[in-house]
Amino acid sequence: MLSAEQLRQFRRALLEWFTMRQRDLPWRHTRDPYAVWISEIMLQQTRVAAVIPYYHRFLARFPDFKSLAEAPEQELLACWSGLGYYQRARNLQKAARQMKQAGAFPDNYSAIRALPGIGDYTAAAISSISFHLPHAVLDGNVFRVLSRVFTDPANIASAAGKRHLSGIAETVLDKAQPGMFNQGMMELGATVCLPKNPQCVICPVSEWCRARQSGTQSDFPVKIVSRKSVQEKRILFWVERDGRILAWNARQHPA
DNA sequence: AACTCGGGGGA
DNA sequence: TCCCCAGAGTT
């Protein structure tokens, strides 16, 4: 782990870099929890480039939780058509109806986390970005960055590994500017600390990165996924005489 | 812990 | 083709 002073330097370097070099993305022009929420749900397992046009259309048609709560389902799904994971859209409306009932967007972590379709990641993102609450986000990008900075051997595919890195994330988090810090970590993972060929030469925190120091960037994050066995059919035939194989042929693929 | 949900981009 | 992506819910 880094010393307290090193942590301060790390945070400052990351925030300075993010302030200067962040991409201009539509949801970064607002802190409105409703808009941030919509963007975060759309971004679940979906690339930024794919989300942008949907984000604009969706907010134009459903500018607040009241209009979303009252939307006909067909119209809602039409707005979502092509994004995939349609349960996300249905959960959006369920949550919007809860907000309409309550009269406001929930303003604390546990209430946000309790909404349908919102898990640990999204609750931390909305809490930190829109409400300045000190909750660290953990997505694929943050796992990768933290794993490399600390050359952490935890397996991010396991629940234990995720819990372990979650503790580190809370320690590293800049609690004075959690929203900016969280976005900075994700932006770093998305644009510099890439899965393959990380751009360490231009990385603002390479000075505090153990993987960079030891040249082991490609060894992290440790992700050991137990792959399910794949069932496949093959055709095998041969010519045999007196217990000896005279000729054989095995197709690589089923006919 | 494993599985499912969608569609698209990149290796 | 396979893997991965600003994950969450169910079993």
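This structure is a prediction, so every number in the text was calculated from the model and none was measured.
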- Message: Can you check the distance between B:dA11 and C:dA6, where both ends of the measurement are the P atom (answer in whole Å)?
- Response: 14 Å
- Query: Is the closest basic N to carboxylate O distance between A:K175 and A:E170 below 4.0 Å?
  - Reply: no
- Note on the structure: In whole angstroms, the gap separating C1' of B:dG6 from CG of A:N91 amounts to 15 Å
- Round to the nearest Å and state the distance from A:K223 atom NZ to B:dA2 atom P. 13 Å
- For atom CZ of A:F18 and atom C1' of C:dA6, their distance in whole Å: 12 Å
- Task: Give the intermediate values and the outcome of side-chain hydrogen bond (donor to acceptor under 3.5 Å, both in side chains) for residues A:E40 and A:Y121.
- Result: CA-CA 9 Å; A:E40 293 297 346; A:Y121 164 78; 2.7 Å; yes
- Walking DNA chain B from its 5' end, the first of A:G82 and A:K196 to be reached, judged by nearest nucleotide, is A:G82
- Message: On the six-membered ring of A:Y54, is A:R57 placed so that its NZ or CZ lies under 6.0 angstrom from the centre and within 45° of the ring axis?
- Response: yes
- Query: In whole Å, what is the span from the CG atom of A:D120 to the C1' atom of C:dG9?
  - Reply: 12 Å
- Message: Please determine whether salt bridge (charged side-chain N to carboxylate O under 4.0 Å, His left out) holds for the pair A:E75 and A:R61, giving the CA-CA distance in whole Å, both sets of side-chain angles, and the decisive distance to 0.1 Å.
- Response: CA-CA 9 Å; A:E75 204 167 332; A:R61 175 61 188 85; 2.3 Å; yes
- Could you walk me through whether A:I118 and A:I126 pass the side chain to side chain contact (heavy atoms under 4.5 Å, CB included) test, one step at a time? CA-CA 10 Å; A:I118 295 189; A:I126 298 172; 4.0 Å; yes
- Item | Comparing A:A190 and A:P116 on DNA chain C - which has the more 5′ nearest nucleotide | A:A190
- Query: Is the distance from OP1 or OP2 of B:dT4 to the nearest side-chain N or O of A:Y85 less than 4.0 Å?
  - Reply: no
- Query: To the side chain of A:Y121, which of C:dC5, B:dA1, C:dA8 is closest?
  - Reply: C:dA8
- Could you check how far CD of A:Q22 sits from P of C:dA6, rounded to whole Å? 16 Å
- Message: Heavy atoms from C-beta onward define the side chain here; which of C:dA6, B:dG6, C:dG7 lies closest to that of A:R88?
- Response: B:dG6
- Message: Taking the ring centre of each residue, are A:F58 and A:F62 less than 6.0 Å apart?
- Response: yes
- Item | Nearest-angstrom distance, P atom, B:dG9 to C:dA8 | 24 Å
- A:W27 ring center near A:Y55 ring center (under 6.0 Å): yes
- Query: Of all the choices, C:dC5, C:dG7, B:dA1, which nucleotide is nearest to the side chain of A:T122 once you look at every atom?
  - Reply: C:dG7
- Query: Going by distance alone, is a donor N or O of one side chain under 3.5 Å from an acceptor N or O of the other, for A:D32 and A:T30?
  - Reply: no
- Message: Using 0.5 Å steps for rounding, measure from the CD atom of A:Q87 to the CH2 atom of A:W80.
- Response: 11.0 Å
- Note on the structure: Taken to the nearest whole Å, CG/A:L165 to C1'/C:dG7 is 17 Å
- Query: Does a salt bridge link A:E207 with A:R212, judged by any charged N lying under 4.0 Å from a carboxylate O?
  - Reply: no
- Message: For C:dC5 and A:R144 - does any side-chain N or O of the residue sit under 4.0 Å from the phosphate oxygens OP1/OP2?
- Response: yes
- DNA chain B in dot-bracket form (Watson-Crick or G-U pairs under 3.5 Å, [ ] crossing, | inter-strand) is |||||.|||||
- Message: Quick check: on DNA chain B, is the nucleotide nearest A:A157 upstream (toward 5') of the one nearest A:Y86, or the reverse? Name the residue that is more 5'.
- Response: A:A157
- Query: For DNA chain B, what residues of residues 37-57 of chain A have any heavy atom nearer than 4.0 Å?
  - Reply: A:Q45, A:T46, A:R47
- Task: Classify the nucleic acid contact of A:W27 as base, sugar-phosphate or nothing, counting any heavy atom under 4.0 Å across all strands shown.
- Result: base
- Message: Expressed as a whole number of angstroms, how long is the span from A:Q87:CD to C:dA8:P?
- Response: 14 Å
- Message: Between C:dG9 and B:dG8, how many Å separate the two C1' atoms, rounded to a whole number?
- Response: 23 Å
- Message: For A:K100, is there an ion pair with A:E70 - N to carboxylate O distance below 4.0 angstrom?
- Response: yes
- Which nucleotide in C:dA6, B:dA1, C:dG9 has an atom nearest any side-chain atom of A:N141: C:dA6
- Item | Interatomic distance, A:D139 CG vs C:dG7 C1' [rounded to whole Å] | 9 Å
